[in-house]
Each structure stands twice: as structure tokens, then as C-alpha cells.
Amino acid sequence: MAGFTTDFSNVKEFTEFKEQFYEFIVKNIYEEPAKSGNMGIIIELVVRNDVKQEKQNAHVWDSQYKVLSTGKYDFDKLMAKASAFIGQTKNYSSFEEFLNDFKGRAAKGKVFLDDFNGKKTPKIAYFNKTDFPTIAHTWKEKTDSAANIQEDDLPF
């Protein structure tokens with residue numbers, strides 16, 4: 001087995017989210033059913049790294065599920081999110097096109113900590129328009145370091 005040296009230069013101590021505003025960018029957005037089967041919109045948010053703030057590059061997921069009594073999304077809540085992220089009146093040929101328009105857009109979100117069974121999870125209370133409309137966020141690229149490892153190098 002080939003030797004190696006540990007390198008802790010990029011290791012950062014884990015910190016919890018705080019109940020405060022963060023500047024976010026949308027990495028992904030999609031519809032997905034909950035365990036109950038109720039369809040929901042899931043927004044994968046990343047704390048922007050082009051704005052000086054805590055938790056840069058950390059992920060938070062926001063969800064909005066259909067109202068059970070109507071089987072539809074709460075239009076006003078959905079439009080509040082669209083107003084913060086998209087910010088202009090637009091026409092869309094499909095719901096999918098509307099959701100895709102969120103990707104790569106930024107907004108400021110108020111985080112609160114939801115305490116469920118003693119576990120605190122960051123959730124978004126609401127979104128406002130970003131204070132930093134010029135986006136220079138740099139996405140972290142995934143590297144496939146496993147591609148250079150030979151089977152003989154593995155300890156198992």
C-alpha cells in the first residue's frame with residue numbers, strides 16, 4: 001500500500017446554523033412526493049460564497065407541499081418565493097419551466113431552527129430579495145479522487 005500524509009489545511013470546524021438572515025443561491029429545484037405521497041417542491045439552497053457571511057457553501061433544503069384539502073400549492077406562498085428569487089413578471093409554458101427559472105438565482109432567507117424530538121434543523125421562514133444582486137458565487141466542483149486509486153492500494 002502506498003504511503004500518504006494527512007492534510008488538514010482545508011478542514012473547518014463544524015458550526016450550526018444560527019437564526020438569522022443568509023444570502024442563498026438556488027442549486028436545484030424539483031418536485032418530489034413526501035413519504036405520505038403528497039407532492040412537494042424542494043429547493044436546494046447554498047449559502048453564497050461571494051458574500052461575506054457565515055456558513056458559506058452550506059446547504060439548506062426548503063420545501064413547500066400541496067395543500068391537502070385542495071391538492072394544489074399555496075399560490076401566494078409560491079409567488080412570494082418567485083418574487084424574491086425571480087423578481088419580475090414572466091410567462092411560462094410549463095410548471096417545469098417556472099421551477100427551472102429559480103436555478104442560479106439568489107435571495108436572502110431568514111433561517112429558524114426547527115426543534116423536532118431534540119434535533120434542531122435549519123428551515124427557512126421566508127425569503128426577501130437579495131441585498132447583493134450581482135452574483136459571483138463559485139460552485140464547488142466534485143472531484144473523483146477514487147479514479148486514481150488502484151485496487152492494490154485499498155486496505156480491504
Side-chain angles (χ1 to χ4, degrees), residues 8-147:
F8 304 120
S9 61
N10 292 322
V11 176
K12 295 179 183 165
E13 189 173 319
F14 178 79
T15 59
E16 298 284 342
F17 272 93
K18 295 178 184 171
E19 292 189 339
Q20 63 187 29
F21 284 101
Y22 293 89
E23 288 281 346
F24 291 104
I25 188 166
V26 176
K27 181 173 184 180
N28 199 8
I29 183 169
Y30 51 91
E31 279 190 292
E32 180 177 271
K35 291 178 184 175
S36 67
N38 189 21
M39 189 62 73
I41 299 168
I42 312 300
I43 306 174
E44 181 181 359
L45 301 157
V46 175
V47 178
R48 290 174 59 179
N49 60 24
D50 59 335
V51 175
K52 186 175 176 159
Q53 60 183 330
E54 296 176 9
K55 300 296 290 177
Q56 290 181 341
N57 299 308
H59 293 241
V60 175
W61 284 262
D62 180 63
S63 56
Q64 179 179 340
Y65 290 92
K66 290 183 176 181
V67 178
L68 291 176
S69 62
T70 65
K72 297 181 179 187
Y73 293 110
D74 183 319
F75 188 75
D76 292 338
K77 286 182 182 178
L78 189 55
M79 289 303 109
K81 291 175 186 181
S83 175
F85 283 99
I86 299 169
Q88 58 189 346
T89 302
K90 294 177 81 174
N91 292 313
Y92 298 95
S93 60
S94 68
F95 190 63
E96 183 178 341
E97 181 184 4
F98 167 69
L99 292 180
N100 283 330
D101 201 12
F102 279 78
K103 292 179 182 177
R105 295 190 183 260
K108 179 170 60 172
K110 174 69 167 154
V111 169
F112 72 96
L113 298 176
D114 183 37
D115 191 348
F116 183 72
N117 288 337
K119 182 180 178 188
K120 292 186 178 182
T121 304
K123 303 274 183 163
I124 309 298
Y126 56 89
F127 294 101
N128 288 328
K129 292 183 192 287
T130 180
D131 291 335
F132 304 93
T134 302
I135 299 171
H137 179 85
T138 303
W139 294 102
K140 288 190 149 204
E141 294 183 29
K142 290 184 179 178
T143 58
D144 189 7
S145 59

Would you say [X] and [Y] make side-chain contact, with heavy atoms under 4.5 Å?
{"X": "K66", "Y": "K72", "answer": "no"}
{"X": "F132", "Y": "Q53", "answer": "no"}
{"X": "P122", "Y": "K18", "answer": "no"}
{"X": "N100", "Y": "Y92", "answer": "no"}
{"X": "F24", "Y": "V60", "answer": "yes"}
{"X": "I42", "Y": "Y65", "answer": "yes"}

For [Y], does its backbone N or O pair with a side-chain atom of [X] as donor and acceptor, under 3.5 Å?
{"X": "Q64", "Y": "D74", "result": "yes"}
{"X": "E19", "Y": "L113", "result": "yes"}
{"X": "Q56", "Y": "D50", "result": "no"}

Decide if atom [atom1] of [X] counts as having more than 12 heavy atoms of other residues, nucleotides or ligands within a radius under 6.0 Å.
{"X": "K103", "atom1": "NZ", "value": "yes"}
{"X": "E96", "atom1": "CD", "value": "no"}
{"X": "K90", "atom1": "NZ", "value": "yes"}

Audit row: I135, R48, side-chain contact (heavy atoms from CB on, under 4.5 Å) steps and yes/no: CA-CA 9 Å; I135 299 171; R48 290 174 59 179; 4.0 Å; yes

Aromatic ring pairing F102/F85, orientation class (parallel under 30°, perpendicular over 60°, tilted between): tilted

Which atoms form the tightest heavy-atom contact between [X] and [Y], and what is the distance?
{"X": "A84", "Y": "A107", "answer": "O-CB, 3.9 Å"}
{"X": "V46", "Y": "W139", "answer": "CG2-CZ3, 3.8 Å"}
{"X": "S94", "Y": "E97", "answer": "OG-N, 3.0 Å"}
{"X": "N57", "Y": "T138", "answer": "OD1-O, 4.2 Å"}

Residues V111, I124; criterion side-chain contact (heavy atoms from CB on, under 4.5 Å); working and verdict: CA-CA 5 Å; V111 169; I124 309 298; 3.8 Å; yes

Residue pair K120, E16: steps toward the side-chain contact (heavy atoms from CB on, under 4.5 Å) verdict: CA-CA 9 Å; K120 292 186 178 182; E16 298 284 342; 5.7 Å; no

From CD (E23) to OG1 (T130), nearest 0.5 Å: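 The CD atom of E23 sits 3.5 Å away from the OG1 atom of T130.
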
Residue of the set K81, K110, K123 for which salt bridge (charged side-chain N to carboxylate O under 4.0 Å, His left out) holds with D62: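 Looking at K81, K110, K123, the match for D62 under the salt bridge (charged side-chain N to carboxylate O under 4.0 Å, His left out) is K81.
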
side-chain contact (heavy atoms from CB on, under 4.5 Å) evaluation trace for V47 with F17: CA-CA 11 Å; V47 178; F17 272 93; 3.9 Å; yes

Flag for N49-H137: side-chain donor and acceptor within less than 3.5 Å: yes

